[in-house]
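Below is one structure; the comments refer to it alone.
Because the structure is a prediction, the values reported are computed rather than measured.
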Amino acid sequence: LPLVLDFRDIYEQDPYMYPRKGAAGLLRRMQIGMRNRIIGHATAVTTVSEWHKNLLGTYNKNTHRIFNGFDSEVFYPRTNAEKLSTFVIGYTGSVSPTNCEGSRNPDILFEAIQRLSSEGIIEPKKFVLRFYTDDVSINYLNSTAERYGIADYVEIYHWVVANDVPAVLDCCCILLVLVAACNTNGVMTTKIFEYLAMGRTTICVPNSDGPVAKLISDAKAGKSFDNSNELYHYLVEKYNEWQINGHIECHTNMDYVAHFSRQKQAKEFVKIFNQAILKKIHPKEL
């Protein structure tokens, strides 16, 4: 029978996720070796980023990249007839702090908000940084907001059910992506595709390079930052725009974003499956 393997998360994408030494390190090496041998026998392999494709492709030339994508029946641009009464920067997902440099953290954003507040450009209730996240991240965010003296600007909530996420995103002026490009490879969180599908202005911190930053740039959906000064000036511009218009104009290239819909990706999987069947049953015809 033809075998098609799909990989989303692999050991090599995050060197800090699993120990490299001791029994855990031995198990890691054994599993990687076993995985690579199995990949070599597969009819086809699919995975979620160009980096993953290049790595896994060394063991099987018939390796394909299919991004995580979004459900176009759930995530799509809404039309706000009324102006947004609050300037909201929204984030959905965990904020997983680690002890290594380049961790997915909001420090750059918190620094920019601290400066905006100290200079009297923003005020609580009109400017809100809103998180929907897990218990560990809630404790981390609360302590970090206190450390920067911006607790009055931060709202933190528990997870919402999947069906409510589009409504949550639609109440935001700007959507936030936190990445850890300094210590991970090829990680492209699903939320970035959902953000783009909503047609909302998106910012990425703390890295201005990497696949997520490139995706935002190619979609013309926003900007990525690696220092608080540039982010500060960007937020001043967007906050002034909101004060005048009640919303933020976003010119996301929705034709480009449509390439990442799961409906389109399902067709890509079908094509790979059909080719895998033909390769097994009629190998000489390919």
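- Looking at residues two or more places apart in sequence or on another chain, you find a side chain to side chain donor-acceptor pair (under 3.5 Å) between Glu12 and Arg35.
- When all heavy atoms of Phe131 and Leu176 are compared, the pair lying nearest together is CE2-CD2, 4.2 Å.
- Between the side chains of His64 and Asn62, a donor-acceptor pair is found at a separation under 3.5 Å.
- With Asn142 contributing its side chain and Ile138 its backbone, the two residues share a donor-acceptor pair below 3.5 Å.
- For the residue pair Asp9 and Gln13, a side-chain donor N or O sits within less than 3.5 Å of a side-chain acceptor on the partner.
- A side-chain N or O of His247 and one of Glu249 form a donor-acceptor pair less than 3.5 Å apart.
- In the model, His158 has a side-chain atom that pairs as donor or acceptor with a side-chain atom of Asp135 under 3.5 Å.
- Taking the six-membered ring for Trp, Tyr91 and Tyr132 have ring centres at least 6.0 Å apart.
- Taking the side chain as every heavy atom from C-beta outward, Asp6 and Thr47 never approach each other to under 4.5 Å.
- In plain terms, the two heavy atoms of Phe87 and Ile174 that are nearest each other are CZ-CD1, 3.7 Å.
- For the pair Asp170 and Arg200, the salt-bridge criterion is met [side-chain N within less than 4.0 Å of a carboxylate O].
- The two atoms that bring Val154 and Ala145 nearest to each other are CG2-CB, 3.9 Å, heavy atoms only.
- Between the side chains of Asp71 and Gln263, at least one donor N or O lies within less than 3.5 Å of an accepting N or O.
- Taking both residues in full, the closest heavy atoms of Thr252 and Cys250 are given as OG1-SG, 3.0 Å, listed atom of the first, atom of the second, then distance.
- A side-chain donor from one of Glu155 and Tyr157 sits under 3.5 Å from a side-chain acceptor of the other.
- Listed by chain and number, the residues in a ring pair (Phe, Tyr, Trp, His ring centres under 6.0 Å) with Tyr256 are Phe260 (sequence neighbours excluded).
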Which side-chain N or O atoms in residues 110-125 pair as donor and acceptor under 3.5 Å with protein atoms at least two apart or in another chain?
unit_1 : atom_1 : unit_2 : atom_2 : d
Glu111 : OE1    : Ser228 : OG     : 3.1
Gln114 : NE2    : Tyr148 : O      : 2.9
Arg115 : NE     : Glu119 : OE2    : 3.1
Arg115 : NH1    : Asn229 : OD1    : 2.8
Ser117 : OG     : Tyr153 : OH     : 2.9
Ser118 : OG     : Gln114 : O      : 3.3
Ser118 : OG     : Arg115 : O      : 3.0
Glu119 : OE1    : Tyr232 : OH     : 2.4

